[in-house]
Amino acid sequence: MHHSTLLACLSTLSFASAKCYDPSPAFPVPLWPSGAKDLKPAFDGIAAKLHALTAAEGANKYDTSSFSIEVTSNTDTLWRYYHTARRHNASRPGDTHVDGNSVYRIASITKTFTTLGLLYQHAAGNLSLDDPVSQYIAEFADPDSSGRIPWKDITLRIMASQLSGIPREMGQADVINEFSDPTQLGLPPVTREGLPQCYEYDHLHRPCTKTELLDQMKKKAPLFAPNQRSTYSNLNFELLGLVLENVTGLNYSDYMRQAIFAPLDMASTSVLKPASDEHAVLPLGQFFWDVDEGIHSPTGAIYSSSADLSVYLRYVLTHYNALATGVNWMLPASWTEGLSSFYGMPWEIFRTDKILRESKRPVTFVTKAGGVPDYFSRISIMPEFGLGLTILVGGSHDLLEAAQEIVTVELIRAAEAVVWRDVDSAYTGTYQAYSSAANQQPPLNSSLTITSSPSTGLLLMTFISNGTDVFTTLLAEYAGGARDDTHSWRAQFTPTLLYKNETTQQGEIWRLVVVPERLGEGQEAVWDGFCSTDVDPASYAGLPINEFVFWREEGVVELPAWRVRMRRVDSAADEGGGEKLVVQPRHA
Ligand SMILES: *[C@@H]1O[C@H](CO)[C@@H](O)[C@H](O)[C@H]1NC(C)=O
Ligand SMILES: *[C@@H]1O[C@H](CO)[C@@H](O)[C@H](O)[C@H]1NC(C)=O
Ligand SMILES: *[C@@H]1O[C@H](CO)[C@@H](O)[C@H](O)[C@H]1NC(C)=O
Ligand SMILES: *[C@@H]1O[C@H](CO)[C@@H](O)[C@H](O)[C@H]1NC(C)=O
Ligand SMILES: *[C@@H]1O[C@H](CO)[C@@H](O)[C@H](O)[C@H]1NC(C)=O
Ligand SMILES: *[C@@H]1O[C@H](CO)[C@@H](O)[C@H](O)[C@H]1NC(C)=O
Ligand SMILES: *[C@@H]1O[C@H](CO)[C@@H](O)[C@H](O)[C@H]1NC(C)=O
């Protein structure tokens with residue numbers, strides 16, 4: 001086969017069939033070493049908007065709402081904003097000076113703690129995520145007596161991923177309990193015969209017992225076959241709590257404290273109600289602070305503060321791919337409705353291309369929301385940005401939604417701008433081959449130039465290898481033609497987040513990918529949106545041809561397949577920076 005034909009085949013395989021824009025991640029995880037300084041203007045702007053929201057909503061809409069918001073990096077809380085309700089219950093005000101230690105009920109955020117416990121047990125070999133739940137709940141072991149749900153086919157992993165297909169509730173969300181006369185809603189008259197006598201069926205006086213829960217489960221039918229389609233279910237987590245109790249021999253509350261709250265030093269966090277109201281956020285009219293969730297605890301009981309959740313988010317940000325073999329805790333397990341939303345384990349994941357103004361690169365929010373009467377919350381992890389966000393509200397649900405829109409959009413736009421400034425000073429410029437002391441040969445005529453911008457990422461602009469312009473030879477072959485006005489592409493770097501030397505975290509490994517420039521509105525074919533990922537298209541004599549290793553301390557880039565090292569001889573944005581952007585340890 002002729003050379004160029006072979007290359008054409010390769011390029012067809014690798015690049016020509018789709019318009020895969022905007023590789024992600026486009027930069028190493030920022031560590032925000034200068035703390036909040038870089039983001040201060042954004043935080044000031046956010047604070048002003050939050051202030052306006054609570055002050056100006058006229059009609060005292062948020063008079064009885066308090067909230068706590070914190071943004072954390074991998075290592076430090078970068079920003080805090082607290083707001084205290086203007087009106088309290090005079091006879092039981094709770095905390096009237098809200099701060100990072102103020103405690104809220106975090107409701108379904110609890111599910112992430114239950115799942116973390118499950119991951120610990122999986123890592124310890126006390127259970128496998130792929131065991132059926134019937135292995136840990138004796139009542140489900142016998143298919144003849146355990147009802148219509150196929151418990152033997154429901155694994156712990158698919159329960160934690162909201163994929164079990166079992167019903168949502170037992171003991172909650174029955175309209176019969178929420179209206180004094182449901183027949184006025186057009187519902188037929190019914191008796192309470194055979195209904196449970198606990199939790200919401202008992203005005204929240206008493207949680208259901210394990211026996212009541214499991215007896216009711218035997219009467220329930222599945223919504224979907226296991227692993228067929230995701231749907232939100234509290235029962236998944238109530239049952240996973242029982243699984244944890246089974247394998248650890250501890251009750252849920254003790255296990256959470258011993259395995260998670262104590263090791264992470266989350267002193268304001270508990271499954272059970274705190275002994276005093278001192279730090280309790282008690283919005284006027286609330287009643288849920290005092291509700292004992294009992295058997296329902298693993299799905300929504302936990303009490304916590306924004307300061308503690310910042311600690312938790314830092315832990316998750318730095319450990320999510322090192323918790324258990326075979327588990328990357330940030331990845332989706334199934335899609336939900338629409339193009340942008342997914343369930344993880346048990347995360348609620350949102351990917352949007354509407355935040356960044358200069359590129360269509362999606363921003364990923366790995367979140368979990370919580371809601372019980374008068375307490376609304378969401379934690380969000382932005383893994384590409386090395387940021388975590390906690391929003392806890394006691395009071396109005398609208399406030400959570402409004403604050404979330406303001407904080408996430410402004411924060412990510414500002415973070416993106418800071419990142420490109422730092423990338424520019426750290427990597428861009430001209431690099432030239434040099435002679436090492438060991439090798440007295442004159443240097444090769446090899447050089448490259450690198451630029452960056454928020455719209456195009458970190459770009460290879462020119463690449464001469466031993467006198468040959470690689471852009472008109474190899475790269476053009478890969479891209480399916482030379483760069484010109486009608487056939488436009490770019491050569492962009494994407495970080496692997498690995499190092500040549502993991503011990504010293506030196507020698508950042510990146511890959512170069514050929515990216516087609518975006519077509520104008522309306523010019524794309526439907527299937528242009530279909531993108532597989534392949535950052536390892538070819539090798540040269542056994543080494544990856546598109547691997548670039550940045551030895552930043554030396555200002556050197558190494559191209560292993562090309563057997564060359566080049567030194568930065570100038571930099572496009574020389575402001576003496578270059579130390580700001582640090583790749584995060586992935587296996588800490
Ligand atoms: C855990 O479940 C298994 C299987 O149902 C059962 O044999 C065992 O006694 C349970 N252990 C505890 C501590 O509940
Ligand atoms: C594994 O299970 C045993 C027995 O229940 C328990 O003692 C041990 O603490 C568990 N391991 C972990 C990491 O929780
Ligand atoms: C959990 O177990 C501990 C120790 O056995 C006990 O003191 C505590 O009351 C239990 N908590 C709950 C909620 O059952
Ligand atoms: C105020 O607190 C008392 C208990 O101390 C409670 O009985 C009452 O219902 C509360 N009122 C409101 C409006 O929350
Ligand atoms: C550079 O190119 C010359 C021919 O132009 C060739 O002889 C030599 O082997 C090449 N050296 C390297 C290190 O690529
Ligand atoms: C290096 O190679 C490039 C591309 O072939 C050529 O334009 C340039 O003149 C060469 N430089 C030197 C110093 O030989
Ligand atoms: C990493 O760097 C340290 C310190 O320079 C060195 O001792 C070690 O051998 C290096 N490891 C690898 C895999 O190169």
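Residues take their numbers from the sequence shown, with the count starting at 1. Predicted, not measured: the structure shown is a model, and the values here were computed from it. Order of listing sets the numbers, starting from 1, for every ligand and every atom in it.
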Undergrad: To the nearest 0.1 Å, how far is atom 7 (O) of ligand 2 from its closest protein heavy atom, and which atom is that?
TA: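 Result for atom 7 (O) of ligand 2: Thr248 O, 4.9 Å.
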
Undergrad: Going by atom types alone, do Arg378 and Thr367 pair a side-chain donor with an acceptor below 3.5 Å?
TA: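 Arg378 vs Thr367: donor-acceptor pair found between side chains.
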
Undergrad: Between Trp289 and Tyr375, how do the two ring planes meet: parallel, tilted or perpendicular, split at 30° and 60°?
TA: tilted

Undergrad: Of all the non-hydrogen atoms in the protein, which one sits nearest to atom 12 (C) of ligand 2, and at what distance?
TA: Gln121 NE2, 3.4 Å

Undergrad: Do protein heavy atoms approach atom 9 (O) of ligand 2 to less than 4.0 Å?
TA: no

Undergrad: For atom 2 (O) of ligand 2, what is the nearest protein heavy atom, given as residue, atom name and distance?
TA: Asn126 ND2, 2.2 Å

Undergrad: Output the list of atoms in ligand 2 that are nearer than 4.0 Å to some heavy atom of Ala124, sorted by atom number.
TA: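 Close to Ala124: 13 (C).
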
Undergrad: Assign the ring pair Trp151 / Phe140 to parallel, tilted or perpendicular, where the plane angle (0 to 90°) is split at 30° and 60°.
TA: parallel

Undergrad: Using only heavy-atom distances, determine whether the side chains of Glu553 and Trp551 contain a donor-acceptor pair under 3.5 Å.
TA: no

Undergrad: Of Leu272, Asn251, Asp254, which has the heavy atom at the shortest distance from atom 11 (N) of ligand 3?
TA: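 Checking each option, the heavy atom nearest atom 11 (N) of ligand 3 is found in Asn251.
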
Undergrad: Given side chain to side chain contact (heavy atoms under 4.5 Å, CB included), test Leu129 with Met345 step by step and report yes or no.
TA: CA-CA 11 Å; Leu129 291 174; Met345 191 167 65; 4.3 Å; yes

Undergrad: Any side-chain heavy atom of Leu282 within less than 4.5 Å of one from Asp95?
TA: no

Undergrad: Does some non-hydrogen atom of Ile464 fall short of 4.0 Å from ligand 6?
TA: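 Contact present.
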
Undergrad: Can you confirm whether the side chains of Asn234 and Lys111 place a donor and an acceptor under 3.5 Å from each other?
TA: yes

Undergrad: Taking distance alone, with N or O pairs closer than 3.5 Å, would you say Asn445 contacts ligand 6?
TA: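 Yes; the residue has a nitrogen or oxygen that sits under 3.5 Å from a nitrogen or oxygen of the ligand.
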
Undergrad: Is Glu554 salt-bridged to Arg565, cutoff N-O under 4.0 Å?
TA: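 The answer is yes: the pair qualifies as a salt bridge.
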
Undergrad: Give me the nearest non-hydrogen protein atom to atom 4 (C) of ligand 2 as residue plus atom name, then the distance to 0.1 Å.
TA: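 Here the nearest protein heavy atom works out to Val247 O, 3.7 Å.
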
Undergrad: Would a 4.0 Å cut-off, counted as strictly less than, catch a protein heavy atom around atom 14 (O) of ligand 2?
TA: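 Answer yes: something from the protein, a heavy atom, is under 4.0 Å.
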
Undergrad: So for ligand 2, is Tyr120 a polar contact partner (N or O within less than 3.5 Å, distance only)?
TA: no

Undergrad: Among protein heavy atoms, which sits nearest to atom 5 (O) of ligand 6, and what does the distance come to when rounded to 0.1 Å?
TA: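 That would be Gly467 O, 2.4 Å.
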
